[in-house]
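So the structure is just underneath, and the comments pick up after that.
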There are 2 protein chains.
Amino acid sequence: MFEARLLQASLLKKILESIKDLVESANFDCSPEGISLQAMDGTHVTLINLVLRNEGFDTYNCDRSLSLGLSLVSLSKILKCAGNDDTLTIKARDNESDTVTFVFESPKNDRVSDFEIKLIDIKNEQYSIRKSDYSAVIKMPSAELQRICRDLSIIGEIVTISANKEGVKFSVSGDSGSGNITIKPTSDSDVPAEQATVIESKEPVVLNFALKFLSNFTKATPLSPMVTLSMSEGIPVVVEYKIEDLGFLGFFLAPKIE
Amino acid sequence: MFEARLLQASLLKKILESIKDLVESANFDCSPEGISLQAMDGTHVTLINLVLRNEGFDTYNCDRSLSLGLSLVSLSKILKCAGNDDTLTIKARDNESDTVTFVFESPKNDRVSDFEIKLIDIKNEQYSIRKSDYSAVIKMPSAELQRICRDLSIIGEIVTISANKEGVKFSVSGDSGSGNITIKPTSDSDVPAEQATVIESKEPVVLNFALKFLSNFTKATPLSPMVTLSMSEGIPVVVEYKIEDLGFLGFFLAPKIE
DNA sequence: GGGATATTCA
DNA sequence: TGAATATCCC
């Protein structure tokens, strides 16, 4: 028996909005510690790494680990049926059951909806997610990254991110011209630390990425006011959104080699 | 000579939006008491029952009864030409005339439009609308019914409505899974009576309906903040929207027999 | 009040 | 199928 109750169904809604266009289906790995999901897109360019720790749930009961394979499109459809302030309870029997139940309850408890989704058998690939000692780690407002990706997508398809101690430059060029957006670490001491842009740079890095994917990642913006980009030469960038109290949603994107 | 003046042309606009996809043409039966319309869809699954009482009109003159047969699609096209705050005057000569005139006037009276539509000869079938003593009568926010129909349409095509004193359950199942939405009577005394969900249940009922039609009925949502569902085993459900001061728009839908 | 999304019209 | 609009959410 697995049962996890989340006060804000909208959290999972936002998570699905930001991953459903990247991956068709994935296993939600439920263990006593929490729920996690790792999945790669069809072209194996991006990897999604979602971690939701048990402490972040209103209630969390998981006797033994189980993998819930779900169509992310179906799940996102069902989550659209949740009211904006509904709570969510996820219920699954055990490994033999072939469905999982999502229960939404309105704040006043005058409306309860439950949806059953069929489970899909997905072979559980283990992706090695190694903690690297990144050359550059940038913490910045997530809305700003979203805006940058949106703006640069108008110009071209590939963005060059150059980071050093002084700042981070996002460069793009296309048929109609080219553009650069540079952000600098926050110096204004009026800005609270949680909202400050911070660059930790061990050595300068320059990497190219497909804007299409980066833009897609920024759909997770509603999850967190801040985002971190971790980069090293030759390995995937990590774009990570903390999910308050619960965990985080990370996206890995392999750089384009010219 | 028939002449009826309505302060809000938008009311008739909303009425037509919610019925024009169900019935091609219908008779507007004008009598000294008001205007009424009964019509069935082509497949004889739904019946529309519209009542607009004379008191609700700004002015209302009708010497003797007459039936105005109109193409609802044409009428709805013409009503689209009305400004949002325009008043509407409906004018018809008598039974010999073959047109009816719709006059729109802007609030400041600086713009007057008039449209003439050809009358159609439609044989006036009398549908027996018997007031039944329903097993369950549910009054609920119309937006909530609309939301429920929209959400459940994502999952499947047939909804099972089960009503008893405790609540009303809308159930649906489809390829990807199944879902139930249950609403309970309002217990919160802070909610004004006009906005409260109320269930009058004589005996439990369980009925199946095609969601397609129910969803269509909910296009009438802009007419009223509340809607009532009246149900008894084996007879059509009535979905009724009160139209303030004027009357009501009711939809009858025969249940699906399994 | 601005952005995003859902619905409607062309 | 795309664009404009209306509604909802932030």
Side-chain angles (χ1 to χ4, degrees), chain A residues 6-22 72-73 75-88 104 106-108 111 113 141-154 194-195 212 214-227 241-244 249, chain B residues 8-22 71-86 141-155 195 211-227 241:
Chain A
L6 202 56
L7 277 183
Q8 302 176 61
S10 58
L11 268 184
L12 194 61
K13 211 169 171 174
K14 290 171 191 163
I15 291 169
L16 263 107
E17 279 311 303
S18 62
I19 66 174
K20 73 167 206 294
D21 292 332
L22 292 170
L72 298 190
V73 177
L75 178 55
S76 119
K77 273 184 189 167
I78 277 172
L79 288 168
K80 289 217 172 98
C81 303
N84 232 348
D85 301 317
D86 285 4
T87 62
L88 161 67
F104 307 124
S106 69
K108 288 179 198 156
R111 181 168 173 278
S113 343
S142 56
E144 193 161 358
L145 180 65
Q146 186 173 42
R147 179 74 203 264
I148 290 169
C149 289
R150 198 190 65 194
D151 288 352
L152 296 186
S153 298
I154 301 171
E194 317 87 64
Q195 295 170 28
K212 183 179 67 168
L214 278 183
S215 294
N216 205 319
F217 301 165
T218 65
K219 289 185 183 171
T221 299
L223 285 172
S224 171
M226 302 298 286
V227 63
Y241 296 83
K242 290 253 171 302
I243 306 171
E244 204 177 3
L249 174 58
Chain B
Q8 301 176 63
S10 59
L11 268 185
L12 195 61
K13 209 168 171 175
K14 289 171 191 164
I15 291 169
L16 265 106
E17 279 310 303
S18 62
I19 65 174
K20 72 167 207 296
D21 293 333
L22 292 170
S71 150
L72 298 190
V73 177
S74 302
L75 177 54
S76 119
K77 275 184 190 166
I78 278 172
L79 287 167
K80 289 213 173 106
C81 304
N84 236 348
D85 302 316
D86 284 5
S142 56
E144 192 161 358
L145 181 65
Q146 189 173 42
R147 174 79 200 261
I148 290 169
C149 289
R150 197 193 65 194
D151 285 351
L152 295 186
S153 298
I154 300 173
I155 318 279
Q195 295 169 29
L211 264 173
K212 184 180 67 169
F213 290 107
L214 279 184
S215 294
N216 205 318
F217 301 165
T218 66
K219 288 186 182 170
T221 300
L223 286 171
S224 170
M226 301 298 287
V227 63
Y241 297 83

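Quick note on labels: first sequence line is chain A, next is B, and so on, each numbered from 1. In what follows, every heavy atom counts, from backbone to side chain, and hydrogens, waters and symmetry copies are set aside. If you're wondering where the values come from, they're calculated on a predicted model, not measured in any experiment.
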Roughly, in whole Å, what's the span from [atom1] in [X] to [atom2] in [N]?
| X | N | atom1 | atom2 | value |
| --- | --- | --- | --- | --- |
| B/Ile154 | C/dT7 | CD1 | C1' | 14 Å |
| A/Lys14 | C/dA4 | NZ | P | 14 Å |
| B/Asp21 | C/dC9 | CG | P | 10 Å |
| B/Asp151 | D/dC8 | CG | P | 14 Å |
| A/Lys219 | C/dA4 | NZ | C1' | 12 Å |
| A/Leu79 | C/dT5 | CG | C1' | 17 Å |
| B/Gln146 | C/dT8 | CD | C1' | 14 Å |
| A/Asp85 | D/dC8 | CG | C1' | 12 Å |

Inset, instruction - Tell me, with the steps shown, if A/Ile15 and A/Ile243 meet side chain to side chain contact (heavy atoms under 4.5 Å, CB included). - result: CA-CA 10 Å; A/Ile15 291 169; A/Ile243 306 171; 3.8 Å; yes
Legend entry - Separation of B/Ser74 OG from B/Leu79 CG (nearest 0.5 Å): 11.0 Å
Legend entry - Watson-Crick or G-U stems involving DNA chain C, each at least 3 pairs long, distances under 3.5 Å, ordered by first number: C:1-10 with D:1-10
Inset, instruction - Decide yes or no on side chain to side chain contact (heavy atoms under 4.5 Å, CB included) for B/Tyr241 and B/Leu145, but give the supporting numbers first. - result: CA-CA 12 Å; B/Tyr241 297 83; B/Leu145 181 65; 4.2 Å; yes
Inset, instruction - Could you check A/Ile19, A/Asp21, A/Leu16 and say which one makes a side chain to side chain contact (heavy atoms under 4.5 Å, CB included) with A/Lys219? - result: A/Asp21
Inset, instruction - Could you check B/Lys13 against B/Asn84 for side chain to side chain contact (heavy atoms under 4.5 Å, CB included), going step by step and ending with a plain yes or no? - result: CA-CA 9 Å; B/Lys13 209 168 171 175; B/Asn84 236 348; 4.3 Å; yes
Inset, instruction - Among C/dA4, C/dT7, D/dC10, find the nucleotide with the atom closest to the side chain of A/Asn84. - result: D/dC10
Legend entry - Candidate nucleotides C/dA6, C/dC9, D/dC10, ranked by approach to the side chain of A/Lys80 - the nearest: C/dA6
Legend entry - Crowding at NZ, A/Lys77 (>12 non-hydrogen neighbours, <6.0 Å): no
Legend entry - Intermediate values then yes/no, side chain to side chain contact (heavy atoms under 4.5 Å, CB included), B/Thr221 and B/Val227: CA-CA 8 Å; B/Thr221 300; B/Val227 63; over 6 Å; no
Inset, instruction - Mind checking B/Arg150 for me? I need base, sugar-phosphate or nothing, with any heavy atom below 4.0 Å counting as a touch. - result: sugar-phosphate
